[in-house]
Amino acid sequence: MHKLRDDRTLYAGIDGCRGGWIAAFYVPATGRLSLAFVKQLEQALESWYAAQSVWIDIPIGLSGEGIERYIDHHMRQQLRWRKASVFVPPSYEALRKDTYEEANRIQKKLYDKGLSKQAWNLRNKIQEVHDLLLSYPALKTRFRESHPELIFQSFWHKEMPMAPKSSHLGYVQRVEVLQQLCPAAEAAIEDFMQRVPKKLYKKDDLTDASILALRAAMGNARSITQEPPCDKDGLRFRLVF
């Protein structure tokens with residue numbers, strides 16, 4: 001069983017939301033979890049530099065210039081349920097296109113895989129993370145791609161699968177897991193919902209960011225990697241959970 005580290009270090013988890021990003025911050029020594037809304041990641045540079053580790057639910061290493069990303073296939077194999085939550089992200093070539101149709105066409109041509117609308121709709125956030133890490137190279141060692149559902153399932157020991165995270169039951173189940181890891185989690189989420197307009201996020205964005213921060217603080221992460229280890233811009237093909 002994982003144990004939270006007993007130190008004063010800050011750990012962060014990030015999940016995309018309608019208005020920008022949800023950031024969760026956790027300090028193991030105090031047991032304090034807090035959440036914040038960030039419109040653009042660059043606005044919170046001080047926080048990212050202060051964190052020992054930042055886990056984010058967004059693809060980092062991408063296919064491009066003949067280097068292909070394979071870790072999504074292995075990620076899907078690890079999931080016991082919600083396998084559809086894993087999608088192949090757009091390649092660098094697809095990101096350069098102006099329309100979904102053009103992006104889907106080039107993705108199929110170069111990598112023999114179509115591009116889902118869900119993946120295409122995340123292009124701006126994927127590009128934002130890419131630009132951030134290339135503009136501030138020191139963050140490359142702090143930011144790590146992750147997947148909240150992989151983490152939640154590792155702490156869900158009941159026979160029945162978790163309900164979809166967008167459902168009320170799914171939300172309650174995920175808060176139950178969070179409470180086991182951090183007794184202050186539910187209060188932190190409720191405090192955030194009282195402060196931030198609900199039009200900017202969904203409740204599962206809050207649970208996702210929170211589990212990423214808590215798991216980052218535990219250490220001993222499992223990972224999914226591949227060869228070559230990095231994409232054309234030196235960003236790693238590595239998913240931690």
Side-chain angles (χ1 to χ4, degrees), residues 9 11-16 21 23 40-42 44-45 47-79 83 85-97 103-104 106-116 118-151 154 208-209 212-213 215-241:
T9 309
Y11 297 87
I14 305 174
D15 191 58
W21 304 87
Q40 293 182 317
L41 293 175
E42 196 170 19
L45 275 179
S47 296
W48 314 141
Y49 278 115
Q52 176 73 20
S53 185
V54 181
W55 288 26
I56 185 168
D57 181 19
I58 204 77
I60 293 180
L62 303 175
S63 297
E65 296 185 5
I67 300 175
E68 188 168 356
R69 172 182 165 118
Y70 294 104
I71 60 175
D72 305 292
H73 171 71
H74 300 299
M75 194 192 324
R76 195 175 290 112
Q77 290 180 323
Q78 291 284 344
L79 281 167
K83 293 182 183 290
S85 66
V86 178
F87 54 87
V88 177
S91 62
Y92 284 107
E93 292 89 354
L95 284 176
R96 298 188 191 109
K97 300 303 180 181
N104 187 41
I106 194 68
Q107 187 100 346
K108 282 183 178 179
K109 178 181 179 180
L110 296 178
Y111 302 102
D112 199 29
K113 295 172 185 173
L115 187 66
S116 70
Q118 182 184 13
W120 174 246
N121 290 338
L122 282 177
R123 67 192 182 281
N124 291 334
K125 282 186 163 49
I126 293 172
Q127 188 69 56
E128 182 180 351
V129 172
H130 174 270
D131 292 345
L132 181 81
L133 298 183
L134 292 191
S135 298
Y136 305 94
L139 293 180
K140 287 183 181 181
T141 58
R142 286 180 169 83
F143 270 64
R144 298 175 186 178
E145 179 181 344
S146 188
H147 194 294
E149 288 297 282
L150 270 176
I151 303 172
S154 68
D208 282 353
L212 291 172
R215 181 63 187 90
M218 294 177 184
N220 299 318
R222 297 174 62 189
S223 63
I224 298 173
T225 59
Q226 68 168 69
E227 291 295 333
C230 300
D231 71 11
K232 74 176 187 68
D233 285 338
L235 301 180
R236 295 196 66 181
F237 293 119
R238 185 187 181 206
L239 181 130
V240 294
F241 62 101

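Only heavy atoms go into these numbers, but all of them, side chains included; no hydrogens, no water, no symmetry mates. Keep in mind it's a predicted model, so treat the numbers as computed, not measured.
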Student: For Asn121, is the CG atom crowded, meaning more than 12 foreign heavy atoms sit under 6.0 Å from it?
Tutor: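 More than 12 heavy atoms, drawn from other residues, nucleotides or ligands, come within 6.0 Å of this atom.
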Student: Report the C-alpha separation of Tyr136 and Glu42 in whole Å, then their side-chain angles, then the decisive distance to 0.1 Å, and conclude whether the side chain to side chain contact (heavy atoms under 4.5 Å, CB included) test is met.
Tutor: CA-CA 10 Å; Tyr136 305 94; Glu42 196 170 19; 2.4 Å; yes
Student: Determine the sole option in Glu145, His147, His74 for which the side-chain contact (heavy atoms from CB on, under 4.5 Å) test with Ile224 is passed.
Tutor: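 So the option named by the test is His74.
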Student: What heavy-atom pair brings Leu239 and Phe241 nearest, and what distance separates the two atoms?
Tutor: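 Taking every non-hydrogen atom into account, CD2-CD2, 3.9 Å.
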Student: One pair to check against side chain to side chain contact (heavy atoms under 4.5 Å, CB included): Leu62 and Ser91. What are the steps and the verdict?
Tutor: CA-CA 6 Å; Leu62 303 175; Ser91 62; 5.9 Å; no
Student: Find the distance between CG (Leu133) and NZ (Lys140) and round it off to the nearest 0.5 Å.
Tutor: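 Leu133 CG to Lys140 NZ: 7.5 Å, rounded to 0.5 Å.
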Student: When Pro90 is tested against each of Ile106, Leu115, Asn104 for side-chain contact (heavy atoms from CB on, under 4.5 Å), which residue passes?
Tutor: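 That would be Leu115; it is the only one of Ile106, Leu115, Asn104 passing the side-chain contact (heavy atoms from CB on, under 4.5 Å) with Pro90.
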Student: Could you check Val129 against Ile60 for side chain to side chain contact (heavy atoms under 4.5 Å, CB included), going step by step and ending with a plain yes or no?
Tutor: CA-CA 7 Å; Val129 172; Ile60 293 180; 4.3 Å; yes
Student: Say whether Asp131 and Gln127, considering side chains only, have a donor N or O and an acceptor N or O under 3.5 Å apart.
Tutor: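 Yes, because at least one side-chain N or O of Asp131 sits under 3.5 Å from a partner of the opposite role on Gln127.
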Student: Just by modelled atom types, is the Leu79 backbone N or O under 3.5 Å from a matching donor or acceptor in the Glu149 side chain?
Tutor: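 Not a single qualifying donor-acceptor pair exists.
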Student: Nearest 0.5 Å, what's the CZ-CD1 distance between Phe143 and Ile58?
Tutor: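 The CD1 atom of Ile58 is 11.5 Å from CZ of Phe143, to the nearest 0.5 Å.
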Student: Side chain of Thr225, backbone of Arg238: donor and acceptor closer than 3.5 Å?
Tutor: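 Side chain of Thr225 to backbone of Arg238, a donor-acceptor pair under 3.5 Å: no, none is there.
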Student: Hey, could you give me the CZ/OH distance between Arg69 and Tyr111, rounded to the nearest 0.5 Å?
Tutor: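 Interatomic distance, Arg69 CZ to Tyr111 OH, rounded to 0.5 Å: 12.5 Å.
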Student: Measure the NZ-CG distance between Lys125 and Asp57 for me, rounded to the nearest 0.5 Å.
Tutor: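 Here the interatomic distance stands at 11.5 Å.
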Student: Identify the heavy atoms of Tyr49 and Ala138 that sit nearest to each other, and give their distance.
Tutor: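 Where Tyr49 meets Ala138 most closely, the heavy atoms are CE2-CB, 3.8 Å.
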Student: Which heavy atom in Leu212 sits nearest to a heavy atom in Gly13, and how many Å separate them?
Tutor: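 Shortest heavy-atom separation between Leu212 and Gly13 comes out as CB-CA, 3.7 Å.
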Student: So, the side chain of Glu93 versus the backbone of Gln107: is there a donor-acceptor pair under 3.5 Å, distance only?
Tutor: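 No, because the side chain of Glu93 does not come within donor-acceptor range (under 3.5 Å) of the backbone of Gln107.
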Student: If you measure from CD on Glu68 to CG on Asp112, what distance do you get to the nearest 0.5 Å?
Tutor: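 Output value for this atom pair is 8.5 Å.
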Student: Check whether any side-chain heavy atom of Pro89 sits under 4.5 Å from a side-chain heavy atom of Asp72, and report yes or no.
Tutor: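 In short, these two side chains touch, coming nearer than 4.5 Å.
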Student: Say whether, by atom type as modelled, one donor and one acceptor occur between the side chain of Gln226 and the main chain of Tyr70 under 3.5 angstrom.
Tutor: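 Between the backbone of Tyr70 and the side chain of Gln226 there is a qualifying donor-acceptor contact (under 3.5 Å).
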Student: Looking at every non-hydrogen atom in both residues, tell me the closest pair between Phe87 and Ala119 and how far apart they are.
Tutor: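 Looks like CD1-CB, 3.5 Å.
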Student: Report the distance from atom CH2 of Trp55 to atom CG of Asp15, rounding to the nearest 0.5 Å.
Tutor: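 Nearest 0.5 Å value for the CH2-CG distance: 14.5 Å.
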Student: To check you understand the geometry: which heavy-atom pair defines the closest contact between Trp48 and Ala12, and what is its length?
Tutor: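 Answer, listing the atom of Trp48 first, then Ala12: CZ3-CB, 4.2 Å.
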Student: How close do Arg142 and Ala51 get, heavy atom to heavy atom, and via which atoms?
Tutor: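 That closest heavy-atom pairing would be NE-O, 3.0 Å.
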Student: For a quick check under 3.5 Å, do Ser116 and Gln118 share a side-chain donor-acceptor pair by atom type?
Tutor: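 Gln118 and Ser116 do not have a side-chain donor-acceptor pair below 3.5 Å.
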